[in-house]
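Below: one structure, written as structure tokens.
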Amino acid sequence: MKEHVRRGRRARKAGLWIEAYAAYKAAFEAADAATSTEVERAELAGELGLCELALHKYRDAAEHLARSLEQREALPEALQQRFEAGQRNAAPHVARLVLGVDPPDAEVLIDGKRIARTARTYTLFFEPGQHMVRGRAPGCKDALHSLRAVAGAEHEFTMPLLCAAASGTKEASGANGTATATPTPVRALPAPRAQALSPWASWPGTLRVVGITLATGTVSTGAILMISASKLDQDMSARRDQLKSDPSSSSSMCWQAPERSPCGELRRLRDARNLSDRVGTALVITGGVIGAATAASFFFTDFSFLGRTPAQDRVNVSPVVTGHETGVRIEGVW
């Protein structure tokens, strides 16, 4: 281990971070309770974290620096300052999770990879993106949590595992002085708490469903009518060009033209176009107003985002508008 540390120091002073990383990693993996102290392992973890930071391995750097600073009181002040500065530089690139587990001896897996140690509370770091946290223990139902990690964000939650009660026996002394086995009654599991009603099951939810349906229907119908108006306008242009190309036609021949004449057909197309365009525009505007009101209801009828009441698991719907399209973003946990 000491030879690895010497190689790591030489490489670090020369700015050879890849060589320094390899040497400190080998020293860190070689260190154990029998051959090194907690302070030595903390120093190795910090030096390894600084090498990883220089190589842009931000998650590993944050994890090793945090592990090192758990022993900050025992580290020299100069090392404390170096490791704390490294931790501050790594923090904006990773998400931090404080995870509580019950029972504390449960096994924790991150994206299918087991964490080597067990504890009641973990401080974990994640690359930005979607991750799966799993807790499992013998006799317990696995607990799952999907985490969407955002760089620089901090998350905190507790993951309790539902475990079956174990039955046992205890020795009790009988009236005649002999030991008798008295079965220990199985502890009943607590009754499940009533789940809060989904926002979609209450009257605001019903109005939202109606609002979404109306907004979708009116906007779709309006768009179809506006497309129809555009088609009618093209037909009008074609008919108008035909009349202009007719040498017998004049600018005044359509004033008193009968209904079934070419001029009458031109007037009919014009009226149909104008009607489709006006009704289509009105329906699109109406649908937009209904859609905006429906989207606003998610904010004005659910105050959990203000912290007044604890947020419940639900489907979150928010409007999205870009330069090319409009729609909604729907997120939820199943």
Qualifying disulfide (SG to SG under 2.5 Å) pairs, either residue in residues 22-90, two or more places apart:
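As it turns out, there is no disulfide (SG to SG under 2.5 Å) pair with a partner in residues 22-90 once direct neighbours are skipped.
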By the disulfide (SG to SG under 2.5 Å) test, which pairs, at least two apart or in different chains, include something from residues 87-152?
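The answer is C140-C163.
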Quick one: pull up NE2 in H4 and CG in L44 and give me the separation to the nearest 0.5 Å.
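That separation rounds to 10.5 Å.
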Spell out, yes or no, whether V39 and F83 are grouped together once hydrophobic residues are joined by side-chain heavy atoms under 4.5 Å, including indirect joins.
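Looking at the clustering, F83 is in the same group as V39.
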Does anything in [range] form a salt bridge (charged side-chain N to carboxylate O under 4.0 Å, His left out)? List the pairs, not counting sequence neighbours.
{"range": "residues 140-157", "value": "R96-E154, R134-D142"}
{"range": "residues 103-113", "value": "E107-R114, E107-R136"}
{"range": "residues 213-227", "value": "none"}

Partners passing side chain to side chain donor-acceptor pair (under 3.5 Å) against Q81 (at least two apart in sequence or in another chain)
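Only E77 meet the side chain to side chain donor-acceptor pair (under 3.5 Å) criterion with Q81.
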List for me each residue that meets side chain to side chain donor-acceptor pair (under 3.5 Å) alongside R278, sequence neighbours excluded, and say none if there are none.
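Scan of R278 (side chain to side chain donor-acceptor pair (under 3.5 Å), adjacent residues dropped) gives none.
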N/O donor to acceptor pairs below 3.5 angstrom from side-chain atoms of residues 84-91, sequence neighbours left out:
| from | atom 1 | to | atom 2 | distance (Å) |
| --- | --- | --- | --- | --- |
| E84 | OE2 | R72 | NH1 | 2.5 |
| N89 | ND2 | A85 | O | 3.2 |

Between [X] (side chain only) and [Y] (backbone N and O only), is there a donor and an acceptor less than 3.5 Å apart?
{"X": "S230", "Y": "M226", "answer": "no"}
{"X": "S276", "Y": "A272", "answer": "yes"}
{"X": "R41", "Y": "A31", "answer": "no"}

Quick check on side-chain contact (heavy atoms from CB on, under 4.5 Å): which of L109, V101, L124 does I115 satisfy it with?
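Of L109, V101, L124, side-chain contact (heavy atoms from CB on, under 4.5 Å) with I115 is met by L124 alone.
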What pairs meet the side chain to side chain donor-acceptor pair (under 3.5 Å) rule with one or both residues in residues 209-223, with sequence neighbours excluded?
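Those involving residues 209-223 do not exist here.
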Check residues 10-27 and write down every donor-acceptor pair under 3.5 Å in which the side-chain atom is one partner and the other belongs to a residue at least two apart or another chain.
| from | atom 1 | to | atom 2 | distance (Å) |
| --- | --- | --- | --- | --- |
| R12 | NH1 | E47 | OE1 | 3.0 |
| R12 | NH1 | E47 | OE2 | 3.2 |

Is it the case that more than 12 heavy atoms not belonging to E127 sit under 6.0 Å from its CD atom?
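It does: E127 CD has more than 12 such atoms within range.
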Please table the atom pairs, donor to acceptor, closer than 3.5 Å between any side-chain atom in residues 53-62 and protein atoms at least two apart or in another chain.
| from | atom 1 | to | atom 2 | distance (Å) |
| --- | --- | --- | --- | --- |
| H56 | ND1 | Y58 | OH | 2.7 |
| R59 | NH1 | E63 | OE1 | 2.8 |

When you compare the side chain of L99 with that of F157, does any pair of heavy atoms fall below 4.5 Å?
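Yes. Closest side-chain heavy atoms under 4.5 Å.
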Quick one: list whatever passes ring pair (Phe, Tyr, Trp, His ring centres under 6.0 Å) with H131, sequence neighbours left out.
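F126.
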Taking only Lys NZ, Arg NE, NH1 and NH2, and the carboxylate oxygens of Asp or Glu, determine whether R67 and E70 approach each other closer than 4.0 Å.
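Between E70 and R67 there is no salt bridge, as every charged N stays at least 4.0 Å from the carboxylate O atoms.
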